[in-house]
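Notes to accompany the following structure.
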There are 2 protein chains.
Amino acid sequence: MGASKSEFFSEQQNELASLFKAISHPARVAIIEYLLKVDSCICGDIVNELPLAQPTVSQHLKELKNVGIIKGNIEGTAICYCLNPETMKKLENYFSGISNELKSKCC
Amino acid sequence: MGASKSEFFSEQQNELASLFKAISHPARVAIIEYLLKVDSCICGDIVNELPLAQPTVSQHLKELKNVGIIKGNIEGTAICYCLNPETMKKLENYFSGISNELKSKCC
DNA sequence: TTTGTTTATCGTAATATTGCAATATAAAAA
DNA sequence: TTTTTATATTGCAATATTACGATAAACAAA
């Protein structure tokens, strides 16, 4: 074995897991933090900011884009990346929903 | 290589990535969902609920506990697990903080 | 002490992720 | 057209994760 048994879980559970997996790497957390600071930037800016090679940054951006955490707009030869507010709101709502239901006590 | 270059990122970035990694698997999302529904339960209840063997569930619970997403209290031979409200609040605050800063537009 | 119950750990096979050099692609500039 | 600039893709080695059978550990009850 070794493969995750994702087919046994709901679509929503798998989608949430995919979102969290996308931000489960410190480089991708750092990219989010940087995008929040500068509003938007191109891939090369992130390569200069992080201690990673260009193909590695490109790969991280692809994973963030695949799950909708960031958006990319073509601008000439460059691509302008920014955070996707809708996804951030979705994640905020997920945890606020849990927190609100958690008035109860532990065992 | 292959190992994540976590030593180049901040402690906070690594801690957030660890939290997200803990919930980046559909089984662990399902465990959170189940704990939210039943308030608290023992490991065996989760084994009955999920399509996974007991050692696998035990391993998933360990990962959730290591990062403080759940708490476990010994009750005789069993261990009673529940969600940790503080961690849920921390995650809610992380995303609401991002959402609030994101009034700006994309590129 | 022996038995039953519950959970954790070990060992291992299958699979997935990470990082980057090399290279390809695409569009603008010369 | 050729060159430059910016990003993506390929291929591969190193490492990490996932799942579970077998087994151990811890405790209560008989």
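We name chains A, B, ... by the order of the sequence lines, and we start the count at 1 in each one. From a predicted model like this one, the values you see are computed outputs, not experimental measurements.
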Roughly, in whole Å, what's the span from [atom1] in [X] to [atom2] in [N]?
{"X": "K65(A)", "N": "dT7(D)", "atom1": "NZ", "atom2": "C1'", "answer": "12 Å"}
{"X": "F8(A)", "N": "dC20(D)", "atom1": "CZ", "atom2": "P", "answer": "9 Å"}
{"X": "L50(B)", "N": "dT18(D)", "atom1": "CG", "atom2": "P", "answer": "14 Å"}
{"X": "N73(B)", "N": "dA26(D)", "atom1": "CG", "atom2": "P", "answer": "19 Å"}
{"X": "I79(A)", "N": "dA28(C)", "atom1": "CD1", "atom2": "C1'", "answer": "14 Å"}
{"X": "D45(A)", "N": "dT7(D)", "atom1": "CG", "atom2": "C1'", "answer": "13 Å"}
{"X": "N14(B)", "N": "dA16(D)", "atom1": "CG", "atom2": "P", "answer": "14 Å"}
{"X": "H25(B)", "N": "dA16(D)", "atom1": "NE2", "atom2": "P", "answer": "18 Å"}

At under 4.0 Å, does any side-chain N or O of [X] touch on OP1 or OP2 of [N]?
{"X": "K21(A)", "N": "dT17(C)", "result": "yes"}
{"X": "S58(A)", "N": "dA8(D)", "result": "yes"}
{"X": "K62(B)", "N": "dT9(C)", "result": "yes"}
{"X": "T56(B)", "N": "dC20(D)", "result": "yes"}
{"X": "H60(B)", "N": "dT17(D)", "result": "no"}

Nearest listed nucleotide, side chain of [X], among [options]:
{"X": "I42(A)", "options": "dT7(D), dC20(D), dT17(C)", "value": "dT7(D)"}
{"X": "A53(A)", "options": "dA19(D), dA21(C), dT9(C)", "value": "dA21(C)"}
{"X": "Q59(B)", "options": "dA19(D), dG21(D), dT18(C)", "value": "dA19(D)"}
{"X": "P55(A)", "options": "dG19(C), dA21(C), dA8(C)", "value": "dA21(C)"}

Quick one: does Q54(A) reach the base of dA8(D) with a side-chain donor-acceptor pair under 3.5 Å?
yes
Need to verify one output field. Residue with the more 5' nearest nucleotide on DNA chain C, G44(B) or I74(A)?
G44(B)
Judged by atom type as modelled, is there a donor-acceptor pair below 3.5 Å linking the side chain of S58(B) to the main-chain atoms of Q54(B)?
no
Count the heavy atoms belonging to other residues, nucleotides or ligands that lie under 6.0 Å from CD of E11(A), then report whether that count exceeds 12.
no
Electrostatic pair E86(B)-K89(B), nearest N-O below 4.0 angstrom
no
Kindly give the heavy-atom pair with the smallest separation between A27(B) and L52(B), and that separation in Å.
CB-CD1, 3.6 Å
Give me the atom names and distance for the closest heavy-atom approach of L35(A) to C41(A).
CD2-SG, 3.7 Å
For a quick check of understanding: with a heavy-atom distance under 4.0 Å over all strands, which category does [X] fall into, base, sugar-phosphate or nothing?
{"X": "E75(B)", "answer": "nothing"}
{"X": "Y81(B)", "answer": "sugar-phosphate"}
{"X": "L52(B)", "answer": "sugar-phosphate"}

If each of L61(A) and E63(B) is mapped to the nucleotide of DNA chain D with the nearest heavy atom, which maps nearer the 5' terminus, i.e. the 5' end?
L61(A)
Give the ring-plane orientation class for F20(B) versus F20(A), where under 30° counts as parallel, over 60° as perpendicular and anything between as tilted.
parallel
